[in-house]
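One structure below.
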Amino acid sequence: MTVRLRVAPSPTGHLHVGTARAALFNWLYARHTGGSFILRIDDTDRERSTVEFEEDILDSLRWLGLDWDEGVGVGGPHGDYRQSSRYERYRDVASSLVESGVAYYDNRTPDELEALRRRAVAEKLHPAHYIRRPATAVTEGAIRLSVPQEEAVVFDDLVRGRVSFEARDIDDFVILRTDGTPTYHLASTVDDVDYGITHVARGEDLLPSTPKHIVLTRALGASQPEYAHLPLLFGTDGKKLSKRHGATSLSLYRDEGYLPEAVFNYLSLLGWSIDGDRTIFSRDEAVAVFDLVDVSRNPAVFDPDKLAWLNGEYIRAMEPSDFTRSARPHVERAVGRQLHEEEWAKFDTVSALVQERTRLLPEAGDQVVFLFEDFAEYDPAAWDKVMTKEGVAGILSSARDRLTKVDPWDAGTIETALRGMLEEMGLGAAKGLQPLRVAITGSSVSPPLFESMAALGRDKTLERVERAIGQLSGTG
RNA sequence: GGUCCCGUCGUCUAGUGGUCUAGGACGCCGGCCUCUCAAGCCGGUAACGCCGGUUCAAAUCCGGUCGGGACUACCA
């Protein structure tokens, strides 16, 4: 039998990194086994579901490189793979379960149900203890599944091993609401059965719901899928990852210039490892060895620092031309306007230098703004640290004189001239060059100086050296 | 409270009775290199929650304990 897995996000928000990680593991296992990966959209919450979020989810999945074989957007033998299209199917299933006697109508009010729960708790019983089929049958209201009380529900979870729930702890849960809409348990289970899902790999938060799904699956006369409950993702405070922890939507990472390969690699490391000592590996390498049984049981803390480091590794590994192209939007964003061809040519001359110094693409922009716009003011800390020292004015004016004569204007010639100056003045490179860096970039941190000057051009370079001299003498 | 899950460096993890005075990675600290910053290289920091038991031998098996988490809806 071929393996079939699915991911079933709700379009009530952007694709969450936790959902993305679950999708990733499903995808890895499908690809590893040569099975199918299916995208279903669980949009039964009509109030909060939007087409924009659905689009965002599809885009994010594609961006991550998780292609699906069936489902929303690509079709397949099971309709459009949206739960909102299957209400009739869910109602039919619920009524037939009532007919066969394994489900029943319940028109008790929330207050009555609450009273039953309180009573059970007061008697130190499971809250669900008294929520069972009422003595007298009714023919309206919500529909509950009658959970068989004889035996425990036991299953072998691929990541957790044997898990067991006492039947008496499983309440007769609602499968169809009074308004005729399905609950998550019904819709999800019916879909898994109808779509022939063989492996359900999802977040551990659904572990307590699994016995319900198993009981329902049996009631439907279907065979039970394998379950794999993946460890949850936590924020740095040890709590389930949520909005409070900052960036939790995948599209945000895309917009902030993370590389999909890096995010893929990082996410795969959360709860899984390819072996004892490799951290960086390709999709194909992961596909080759991935197995759900190797997934870790403990929750993983999402560490933005490590993701950033990994992203830097991937950026440095890029083809220089790919980097240049990827960096462009970020450069324009940092500069605050579009650049023309001549300016791009300048950027190209320092692109490789910038690439080595970039972890996150937006940093590439920050490093080169000085090439295209005059900075408004010097970084105060940089100025205090390097420009207030003895002899700085002399360095600047001497450099100005030398730079005026540099010909041709390229990094090598500039370096020769400036190093000649350093030697003549008896200055160390660090001491003699930092003032020039601050003068032309406004900052004490920048790409290498000679290349920066070469890209900036002679006129601008001299202009900025003059500006610094003026500032020093108090007339700037 | 109840049910269930989890417990190796700050973090992600390797480890399935001896090869573990516990390995790799991020971070952090120090050094080298160096025009700054990165990168690179070298070195360092730091963990088997605790208590019992089984065994010649336990991070690995068992029990208990403590701690954390998820769930506990006519949300998903």
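- Across the C1' atoms, B:C28 and B:A46 are found 10 Å apart, a figure rounded to whole Å.
- The C1' atoms of B:A25 and B:G64 are separated by 35 Å, rounded to the nearest whole Å.
- Between A:D171 and A:Y184, the residue anchored closer to the 5' end of RNA chain B is A:D171, taking for each the nucleotide with the nearest heavy atom.
- Between the base of B:C37 and the side chain of A:S446 there is no donor-acceptor pair shorter than 3.5 Å.
- Listed here is the closest heavy atom pair of A:D42 and A:S10: O-OG, 3.0 Å.
- Considering only the side chain of A:V301, B:U11 comes nearest among B:U11, B:A70, B:U36.
- Closest contact between the side chain of A:L232 and the listed nucleotides B:A70, B:C4, B:C12 involves B:A70.
- For A:I197 against A:I38, the heavy-atom pair with the smallest separation is CD1-CD1, 3.9 Å.
- A:H229 comes within 4.0 angstrom of nothing in the nucleic acid, heavy atoms only.
- Across all strands shown, A:Y266 has no heavy atoms under 4.0 Å from either base or sugar-phosphate atoms.
- Within the nucleic acid shown, A:E313 comes within 4.0 Å of sugar-phosphate atoms alone, with no base atom in reach, counting heavy atoms only.
- Between the P atoms of B:U65 and B:C5, the separation comes to 16 Å (whole Å).
- Between A:Y81 and A:Y195, the ring center distance clears the sub-6.0 Å criterion.
- Between B:C12, B:A76, B:C26, one nucleotide has an atom nearer to the side chain of A:L270 than all others, and that is B:C12.
- The side chain of A:T279 has B:A25 as its nearest neighbour among B:C35, B:C5, B:A25.
- Rounded to an integer number of Å, the gap from CZ of A:R108 to P of B:A73 is 14 Å.
- Proximity note for A:A430 (side chain, C-beta onward) versus B:C71, B:C35, B:A39: the nearest is B:C35.
- B:A22 and B:G40 have their P atoms separated by 27 Å, with the value rounded to a whole Å.
- Nucleotides B:A73 and B:A58 are separated by 45 Å at their C1' atoms, to the nearest Å.
- Nearest nucleotide to the side chain of A:R357, out of B:A76, B:A38, B:A73: B:A38.
- Looking at A:R132, A:K212, A:R133, A:Q149 one by one, the single match for side chain to side chain donor-acceptor pair (under 3.5 Å) with A:D172 turns out to be A:R132.
- In this structure B:G10 sits in a base pair with B:C26, meeting the Watson-Crick or G-U test at under 3.5 Å.
- Residues A:F372 and A:V368 meet the side-chain proximity criterion, which asks for heavy atoms closer than 4.5 Å.
- Base contact: A:T178 has a heavy atom under 4.0 Å from a base atom.
- Comparing the P positions of B:U21 and B:A59 gives a spacing of 9 Å, expressed to the nearest Å.
- Heavy atoms of A:T44 sit under 4.0 angstrom from primed sugar atoms or phosphate atoms, though from no base atom.
- The side chain of A:R297 sits closest to B:G7 out of B:A14, B:A76, B:G7.
- For A:W309, taking side-chain heavy atoms from C-beta onward, the closest of the listed nucleotides B:C4, B:C26, B:G69 is B:C26.
- Among the heavy atoms of the strands, none lies under 4.0 Å from A:V121.
- Among the atoms of the strands shown, only primed sugar atoms or phosphate atoms (P, OP1, OP2) are found under 4.0 Å from some heavy atom of A:L207.
- Remark: B:C56 base-pairs with B:G18. Criterion, Watson-Crick or G-U wobble with two distances under 3.5 Å.
- The separation of B:G53 from B:U60, taken at their C1' atoms, amounts to 15 Å, rounded to a whole angstrom.
- No engagement by A:R278 is indicated, since no non-hydrogen atom pair under 4.0 Å with the nucleic acid exists.
- Side-chain N/O atoms of A:R419 include one lying less than 4.0 angstrom from OP1 or OP2 on B:C35.
- Residue contacts shown for A:R168 are absent, as no nucleic acid heavy atom lies under 4.0 Å away.
- Residue A:R160 is in sugar-phosphate contact alone, with no base atom involved, counting any heavy-atom pair closer than 4.0 Å across all strands shown.
- Residue A:G432 is classed as having no contact, given no heavy-atom separation below 4.0 Å to the nucleic acid.
- Here B:U36 sits opposite no nucleotide as a Watson-Crick or G-U wobble pair (both hydrogen-bonding atom distances under 3.5 Å).
- Between A:F450 and A:L433, the shortest heavy-atom distance links the atoms CZ-CD2, 3.9 Å.
- Nearest nucleotide to the side chain of A:N298, out of B:C12, B:A76, B:C6: B:C6.
- Within the nucleic acid shown, A:P299 comes within 4.0 Å of sugar-phosphate atoms alone, with no base atom in reach, counting heavy atoms only.
- Nearest to the side-chain atoms of A:A300 among the listed nucleotides B:C5, B:A76, B:U13 stands B:U13.
- Aromatic ring centres of A:W272 and A:F290 lie closer together than 6.0 Å.
- Residue A:E356 is the one, among A:P110 and A:E356, whose nearest nucleotide of RNA chain B lies closer to the 5' end (criterion: closest heavy atom).
- At the heavy-atom level, A:L436 lies nowhere under 4.0 Å from the strands shown.
- Taking the centre of each ring, A:H213 and A:Y184 come in below the 6.0 Å mark.
- Taking the C1' atoms as reference points, B:G27 lies 29 Å from B:C66, given to the whole Å.
- Using a 4.0 Å heavy-atom cutoff across all strands shown, A:S444 reaches at least one base atom of the nucleic acid.
- B:G2: Watson-Crick or G-U partner is B:C71, with both key distances under 3.5 Å.
- A distance of 6.0 Å or more separates the ring centres of A:Y258 and A:Y314.
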